[in-house]
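I have placed the structure first, in the form of C-alpha cells, so that the comments after it can refer back to it.
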There are 2 protein chains.
Amino acid sequence: MSEQSLASIKTSLQEGGFKLTPQREATVKVLLEKDHLSAEEIFMHLKQTNPDIGLATVYRTLEILTQLNITHKVLFEDGLARYDIRRESNKQFHLHLLCMECGKIKEIYDDLISDLEKEIEKKYHFQVEDHRLIFHGICTDCYQKRQNKTPELSAETRK
Amino acid sequence: MSEQSLASIKTSLQEGGFKLTPQREATVKVLLEKDHLSAEEIFMHLKQTNPDIGLATVYRTLEILTQLNITHKVLFEDGLARYDIRRESNKQFHLHLLCMECGKIKEIYDDLISDLEKEIEKKYHFQVEDHRLIFHGICTDCYQKRQNKTPELSAETRK
DNA sequence: CTCGTTGCAAATCCTTTGCACGTCC
DNA sequence: GGACGTGCAAAGGATTTGCAACGAG
C-alpha cells in the first residue's frame, strides 16, 4: 500500500542532513496511516504514543518533510494546513473533494488532471511541477439527505 | 472588460441588506482593477485614496463580498488569502499558475476544467459547485533565465 | 565536546471581534 | 433614535522562533 516506507523516508531525511528521531518517526507513522490531517490532529494522534511531544516539534517535522518533498502541505479554506505523504500513486494525480455541507474531505487519485497539465504547459508555456486541486460541492451522502429535507439549505452553510 | 460593474455590485449589496459605503466602493474599485490581491495589499492601495480606512473594514468588506459571491477568496500556500472579483468569464473556469521561482501568480481562464468537473460528478457522484486549482511550477520568464544560469537551482527556492 | 533536536514559552502573523462613536434616513 | 458602518485596539488562532537542556557519536 505505502510505497513510501519508513525506510525510504529515513534515507531521504539523512540525505537532507536530518535524523529520524523517535518523534519524527512517530509523526511519519501517523502520516502513513491517515491523509490530510492538520498539524493539530497529527499532534493529538502523537500524544497517545508520545505524550511528551511538543506541538512545535510536529510543525518543525512537517516543515522538514515538506521541504524534502516527502509530504505535501495543502492549505484549506478554513485556514488550516493539512499534510499528506506523497505516495507514488498520488504524486501526480491527486485531488480533493470537499463537501461544503458536512466538511468531509474525500481524496481522489485520477489522471484526468495530467491531461490538463499537458494542456497548460503547451498553451501557457508554464512548466508544471505540482498542482493543487480542490472541488467544493456536495457529497453523495449530503445530497441524498437534502432530497429528504427542506429544499432550501444552500445559503445557510456559514457559521 | 468587467461585466461585474460597480452598479451591479451595488445592487447585489443592497439585495443583501448592505450599503455601498465609500469604503466599500473604494475596495470594490481596487478589486476591479487587480486580481488576487491579499487583504493587506488591498488595504495599501486603499490608503492612497482613503487614508483613514481601517484594515478591519477591508476584511469586513471582503467577507461580505465573498458571502454575496461577488468576490472569490482563495487561500494560498503562504497562508495569505487573496481575493478576486467573480467575473462572468471566470465564474466557472479560473485557475492560477504560481511560479515557485519568482512568486508571480498568473491567472488563466480556460474551460478545460469544466470537462474535468463533469467527469468528477459522473465518476464520484459529487456535485461540484466550485473549484480551486493552482499549478505550481516555473513560468516562462524564469525558465528562460534558468537556462542561462547555473543548471542546479531547483533545490534552493527556500528562504 | 559538538551539533542537531527537543519542549516550553513567548513572539509573530493574519484575521476577527468588541466597543464607542458617526451617520443616514 | 435605531440600525448599520466605521476605526481603533484588543483578542484569537495557527504557526514560528528563541532558548536552555538533552543526547548520540
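Values in this document were obtained by computation on a predicted structure and should not be read as measured data. These values consider heavy atoms only, across backbone and side chains, with no hydrogens, waters or symmetry-generated copies. Reminder, nothing fancy here: chain letters follow the sequence lines and each chain counts from 1.
- Between the side chain of A:E41 and the backbone N or O of A:S38, at least one donor-acceptor pair lies under 3.5 Å.
- Summarising the geometry, the separation between CZ on A:R82 and C1' on D:dT15 is reported as 15 Å, rounded to the nearest angstrom.
- Partner of B:I85 under the side chain to side chain contact (heavy atoms under 4.5 Å, CB included) criterion, chosen from B:V30, B:L31, B:L65: B:L31.
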Name every donor-acceptor pair, under 3.5 Å, that has one atom in a side chain of residues 42-55 of chain B and the other anywhere in the protein, sequence neighbours excluded.
| residue | atom | partner | partner atom | Å |
| --- | --- | --- | --- | --- |
| B:K47 | NZ | B:P51 | O | 2.8 |
| B:T49 | OG1 | B:L46 | O | 3.3 |

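- One atom, CD of A:E25, and another, P of C:dT5, lie 15 Å apart when rounded to the nearest Å.
- Contacts with DNA chain D (heavy atom under 4.0 Å) in residues 42-61 of chain B: B:D52, B:I53, B:G54, B:A56, B:T57, B:R60, listed by number.
- The CD-C1' distance, from B:E41 to C:dT15, rounds to 15 Å in whole Å.
- When rounded to the nearest whole Å, the span between CG of B:L20 and C1' of C:dC25 equals 17 Å.
- Taking atom NZ of A:K10 as the reference point, atom P of C:dT5 lies 13 Å away to the nearest angstrom.
- Rounding to whole angstrom units, NZ of residue A:K19 and P of C:dC3 are separated by 11 Å.
- Between A:H136 and B:H131, the ring centre distance reaches or exceeds 6.0 Å.
- Applying the under-4.5 Å side-chain rule to Ile, Leu, Val, Met, Phe, Trp and Tyr, the cluster around A:L98 extends to A:V74, A:F76, A:I105, A:I134.
- Here the nucleotide nearest the side chain of B:A81, chosen from C:dG7, C:dT15, D:dT15, is C:dT15.
- Considering only side-chain N and O atoms, B:T21 lies nowhere under 4.0 angstrom from the phosphate OP1 or OP2 of D:dC4.
- The closest side-chain heavy-atom distance from A:F126 to B:I138 is not below 4.5 Å.
- The distance from atom NZ of B:K73 to atom P of C:dC14 is 14 Å, rounded to the nearest whole Å.
- In this structure, B:L13 places its CG atom 17 Å from P of C:dC24, rounding to the nearest Å.
- Looking only at distances, a side-chain donor or acceptor of A:R132 sits under 3.5 Å from a matching main-chain atom of A:L75.
- Using a 4.0 Å heavy-atom criterion, one finds that B:E40 contacts no nucleic acid atom at all.
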